[in-house]
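Notes follow once the structure below has been shown.
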Amino acid sequence: MIDSSGKPRSFQEIILRLQAYWAAKGCAVMQPYDMEVGAGTFHPATTLRSLGARPWAAAYVQPSRRPTDGRYGESPNRLQHYYQYQVLIKPSPPDLQALYLGSLEAIGIDMETHDIRFVEDDWESPTLGAWGLGWEVWCDGMEVSQFTYFQQVGGHDCHPVSGELTYGLERLAMYVLGVDHVMDMPFNDPDAPIALSYGDVFLEAEAQFARWNFDVADTDVLLRHFVEAEAECDRILSEPDEDPKTGRRIVMALPAYDQCIKASHIFNLLDARGVISVTERQAYIGRVRALAKKCADAYVLTADGGYAA
Amino acid sequence: MPDLLIELFSEEIPARMQARACDDLKKRMTDGLVEAGLTYAGAAAFATPRRLTLALEGLLSESPTLREERKGPRVDAPEKAIEGFLRGAGVTRDDLEVRDEKKGKVYFATVTKPGRPAAEIVAEVLDDTIRNFPWPKSMRWGAGSLRWVRPLHSILCILTDDAGEAQVVPLEVDGIKAGDSTEGHRFMAPGRFSVTSFEDYAAKLKRARVVLNPEERSGHIWQEATNLAFARGLEVVEDKGLLQEVAGLVEWPVPLMGEIGAEFLDLPPEVLQSSMKEHQKFFSVRNPKTGRIEQFVTVANRETADEGATILAGNQKVLAARLADAKFFWENDLRIAKEGMGPWLESLENVTFHNKLGSQAERIARIAALAREIAPVVGADPDLAEQAAKVAKADLSSEMVYEFPELQGIMGRYYAAEAGLPEDVAAACEEHYAPLGPSDAVPSRLVSVTVALADKLDTLAGFWAIDEKPTGSKDPYALRRAALGVIRLVLENDIKFSLSPKLRHSVFSVFASLARDYKVAQLEVHPGDGDQFVLLPFHDELYNFEGRNAVEAAATAGKLAFADWSHSAMSFDHNTAVQAKDVALYSDEILSFFHDRLKVYLRDQGIRHDVIDACIAMEGNDDLALLVKRARALQDVLQTEDGENLVQGFKRANNILTQAEEKDGVEYSFGADPKFAEDDTEKALFAALQDAENTIAAAEKGEDFARAMAAMAALRGPIDAFFEAVQINSDNEILRRNRLNMLHSIRQICLQAADLRRLEG
C-alpha cells in the first residue's frame, strides 16, 4: 500500500499515489501506450474509448513527446519528453470536480493553505478533430491540470460525455516537492541507497533527442514515413469488414489508429526540424485530422465503439 | 405580494460570460413572466463563478383572470360551424349571447381565462429559460442531454410570501429538482444550507464566504489592492477589464501583494504587464517615482491560516518562471535586433498575412513603396518613411511578439532602437498601427503618419481586391476602423492629399502581388511614369488559366503597357480564374467608402450629412482635408441669415430654371446680356454676380472657403430683390430668355462653392 499521509518525497511517489487514488476510485489503471505520442489524449484508452456508449474508467501515465519543446535539458521546466497522468471516465460522474480535488489532496496539496481555481480553458485538438469545454486548474496561480468534458472526438459527438483529467506530472511534482529545476527533482526516494534525480534519469536523453530532433533527423525519411503511415491507415480501413481467413467481422480501427498516431508524431518531428512552413502546417494538421476521423468512423463500427450486429 | 428567488448552481462559469448571463437570465425570466401576466416591482441578477442568481420583488401571486369576447357565426349558420365555434371557445350553447349585427343575428361568446398561480408560471418560464439559455458556448455532461455552460448541479427556486413563508416552486429539469438550498464557498464553507428569502440567502452566503454581488467583489478587490500599494508608496496600474475578470474568478476575494524578482525589473514595463496580466491575472504595481513596475497584486479565492503566505509564494514562483521565459525571449530578440533584424525580415516571407493576400513580406514591400510615394505629401523624408515601413513589422517574427501578440509594435520600437535605427523609424514601428480606435491618439511624427497611411490604404485595397468588403455589422478585417484611421490621420495632421491616385496605386500593387503569387504574370508598377504600369507575362503557365485571352494579348505583345489608370488591369482571384477588373472602379468604391465613414465622423462633430453631400459633389473630393474645410465653411454660412436665405433664393432660381429648361428643351447657358436688363434690381444682380464669380474663383483657388461662401451668401440681397421686382416669365421672349440665362449664372456661380442642390429643406 502507498502511504498517502504527509508530503510525498519523490516524483515516483506522486505517480504511485495517483495510481493508488484512482484505482481506489474504481478506475482501471492502465499502462502507457507503446508508441510515441504528443499527449496522453492520443492513447486509444482516451481517444477511441471516449466514443460510443460503453461506460469506461481508466487512469494511466503516458510518456509524451513534444520535439519542439526540447531545450537540451537546460530549461528548468521544458522537456521534449515528459509524463502526463491521464484519467478518463465515461459518463462523467457528477462529482468529478470533487474526485479531482481529492487526487490533489492525495499527493499532498492541502486545500486549507492553497488556492485552487478552475479557470476557463476550452480544449481543442485540431489533429484529433476533437474539442471539449472545461478549465485549466490553477494551484496558487500555476496550471496543474487540464479538466475537460469531451464534446466531440474524431468528428463524432460524444454520447455520453467523458470527463478527462490531464496532469502535467513534472510541473505538478516540482511544485509539490518544492523543486526549481526539473533535473534536480528526486526521482526515487532521496534516502534510498541509490538516490536518483530526474536529471540522473533523463538529462542525457534530453540533450541527445534535442540534437536529433532539431538538427539531425533525416527529413526526407520522415516525409516518406509520413506518407507511408497515411497510406497504410487508408489501406487498412479500406479492407472489407469481414476477415476472409476467419470469416469473422473484424473492423481494424486500432491498427489504423496506430498509423494515425505515427503520422502525428512524424509531423511533430518535421515541425521541430523547421521544414514545415506556416501554410503547409495547416495542411499537415488537416491530413492527420482526416486520418483521426476515419479511425473514429471505423471505431464506432466495432463492438467497443457501440456497434451491435 | 411574493418575492421570487432563483439560483442556478453549477461548476465554474467562465468569468467573461458572467455579466452577460446575468442580463440574459433577468431578461428571459422577466419577459416570460410578464408575458404570462405576472408583473413585478423590481429585479436584480448576480453572478459568482459558481452561480447565477435572480431576485424578483413584488411578483403578482397569480396572473389576472382574462375575459375575452369572441364573435361567432350567424344564428342561421350550419350546425357544424356553430359546434366548431363552441369547441374552439370552450363554452356551451347556453353561454352564447345573440346580438343584432348588420348582417343579421350573430352568436357571441365570452371566454374567461382564469388566472394561474405564480408558482406554475415561474416553473414553466424557468424551465424554458434553462433549456434555451443563450450561452456563447454550452456543453453536455454525463449521460444527460441538457446543455449548460458547465455541468448544472442544483436549482434553487422559492417564492416568499409577505409573512416570510417560503414555498419551493415545483420544477424538475433533466433530473435536477428545484429546492430551497445551496452551497457556500467550495473550500471555506462546504455543505448545503436552506434559505427562505433573498435577504436570508445573501446573508447566509456571506457567512459561507461568498460575496454574491460582482460589483461588491470588484470594489473590494480594487480598494484592498490600492490600500496594499499605497502602504508601500506604490500605485496599482488601473485595468478595468482585468478587474472584472478577476472578480469573476473568485467568490471570496483576498488580494495579496508580492514582489517581482530584481533580475526582471529591467524588462520593458509592457512585457512585465503582459506577462502578469495574460497568464497570471495579476495587477501591475508601479512605483510613481520611477515609473517602473516593481510589484504585483494577485487575488486569491480564500483566506488561510498563514494569511496567504503559501499562496503568495506559489504565485511568485510561477511568475518568476514566466518572467524567466520572457527574459529569455527578450535577450534572444535583442541579439537579433542589434544585428539589424535581418533574420526577422527574411522570415516574414513565410508569415501569411491572409491566405489570399500572400505573405507579410509582400505586403511590407507594397507598403514601403506606397510610403515612399506618400512621404512628400505628408512632408516626411521619403528615405526614412520607406525604411520605417520596411522594418515596422519585423517584430512579428520576434519571440516576444510570438508569445505576446498584443505587444506588436511596442516591441518593434524597442528593437528598432536597439538596431540603431533613427528615432523616427523606431517610433513608426509602434505608431504606424495607430489610431486603433476612435479614442486612440493619432500620431504626429511625419514618418509615423506616412507609414500609418500606407499601411491602412494597403489594407483597404487588399481586402477590396479579394472582395472582402464590410457588410452590415460584419467587418472582420476592421476596414471601417482603417478608413476612419486614414480620415483622422489626414484631418488631425491637416495633410493636403489627393487620395485617388494613392488608392489606384494601392489597388494595382495588390493586383500585382496576386499576379505574382499565382504566377500568371508579372505586373510592374511605375507610378512615377505618368501612372503607367506594365504587365510582363510569365512563360507558358498563363495558358492554363481561364480568361487567358486577355493575357494572351499581353503575351503576343511581349509586354503590355497601359497608358492610364482607366484601362482594365488584370485581377486574379484566389483560384485560377483571371478576370479583367478596373483599378479605377475599385479605387472609386474605396473613395466612396471613405466618404461614408467621413459622414459618420463629421456627424459626430455636428456637421449635417447633407452639407457633406453638397461638398462631396465638388471637384477634389478625394482630398479629405479640403473636403472637410469646405464642409465646415458651408455649415458656418448656413447658420447665418444671409446663408440660409441664399439657399432659398438659389433653390427658387434653380427650380424655375430647371422647369423652363425641361419645358423648352434647351439649356440656358449662354450667359445673360446686361443690355437687356430692364429693372434696377436686374442690373444690380448683374453686377453682384460678376463680383461673386470673381471672388469665388479667387477664393477657391486659394482654398479660402469661408471667403467663397461669404461671397455666395452676399448674393442673397440682390437675388431676393430681383425676385421681388422682376417677373421671370415675361411675355417678352427676349427678356424671358435673358432672365433665364441670368438664373443659370446664379446656379453656376453658387455651384462653384458647393452643390447647394443637395441641401435638404
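Order of the sequence lines fixes the chain letters, A, B, ..., with proteins taken first and strands second; residue numbering starts at 1 for each chain.
A donor-acceptor pair under 3.5 Å is absent between the side-chain atoms of Arg186(B) and the main chain of Ile116(A), judged by distance alone. Between the Arg140(B) side chain and the Cys158(A) main chain, a donor and an acceptor come within less than 3.5 Å of each other. For Ser92(A) (side chain) and Trp141(B) (main-chain N/O), no donor-acceptor pair under 3.5 Å exists by modelled atom type.
Rounding to the nearest 0.5 angstrom, the gap separating the CD atom in Gln151(A) from the CZ atom in Arg147(B) is 6.0 Å. Note that CH2 of Trp138(A) and CG of Leu249(B) are 6.5 Å apart. Values are rounded to the nearest 0.5 Å. Taking CD1 of Ile109(A) as the start and OG1 of Thr310(B) as the end, the distance is 12.0 Å to the nearest 0.5 Å. Rounding to the nearest 0.5 Å gives a distance of 7.5 Å between CD of Gln97(A) and CZ of Arg50(B). Separating the CG atom in Asp115(A) from the CG atom in Asn315(B) is a distance of 7.5 Å, to the nearest 0.5 Å. Distance check, rounded to the nearest 0.5 Å: CZ of Arg150(B) to CG of Leu133(A) gives 5.0 Å.
The local environment of OH in Tyr72(A) is crowded, with over 12 non-hydrogen atoms from other residues, nucleotides or ligands closer than 6.0 Å. Around CD of Gln244(B), the count of heavy atoms belonging to other residues, nucleotides or ligands within 6.0 Å does not exceed 12. Within 6.0 Å of CZ in Arg192(B) there are more than 12 heavy atoms belonging to other residues, nucleotides or ligands. Around the CD atom of Glu172(B), the shell of radius 6.0 Å holds more than 12 heavy atoms that belong to other residues, nucleotides or ligands.
Residues Phe187(B) and His114(A) form no side-chain contact, since every pair of their non-hydrogen atoms from C-beta on lies 4.5 Å or further apart. Counting only heavy atoms from C-beta outward, the side chains of Lys137(B) and Asp122(A) approach each other to under 4.5 Å.
Within the 4.5 angstrom heavy-atom criterion, no atom of Phe150(A) approaches chain B. Heavy atoms of Met17(B) lying under 4.5 Å from chain A belong exclusively to its side chain. Val254(B) does not touch chain A: none of its heavy atoms, backbone or side chain, sits under 4.5 Å away. Interface remark: His153(B) contributes side-chain atoms only to the contact with chain A (heavy atom separation under 4.5 Å). Of the atoms belonging to Ser138(B), it is backbone heavy atoms, and not side-chain ones, that fall under 4.5 Å from chain A.
The existence of a salt bridge linking Asp110(A) and Arg302(B) is excluded, since no basic side-chain nitrogen approaches an acidic carboxylate oxygen closer than 4.0 Å. Looking at Arg117(A) and Glu12(B), no side-chain N of the basic residue comes within less than 4.0 Å of a carboxylate O on the acidic one, giving no salt bridge. Under 4.0 Å is where a charged nitrogen must lie from a carboxylate oxygen, and between Lys317(B) and Asp180(A) at least one such pair does.
With respect to chain A, the highest number of heavy-atom pairs below 4.5 Å among Gly314(B), Gly142(B), Pro14(B), Pro151(B) belongs to Gly142(B). The residue among Met111(A), Lys90(A), Arg78(A) with the most heavy atom pairs within less than 4.5 Å of chain B is Met111(A). Interface summary for chain B: among Ser162(A), Ser75(A), Pro55(A), Pro91(A), the most heavy-atom pairs under 4.5 angstrom belong to Pro91(A). For the set Ala53(A), Gly134(A), Pro76(A), the count of heavy-atom pairs under 4.5 angstrom toward chain B peaks at Gly134(A).
Between Val318(B) and Asp140(A), the shortest heavy-atom contact is CG2-O, 4.0 Å. Between Asn77(A) and Ala321(B), the shortest heavy-atom contact is ND2-CB, 3.9 Å.
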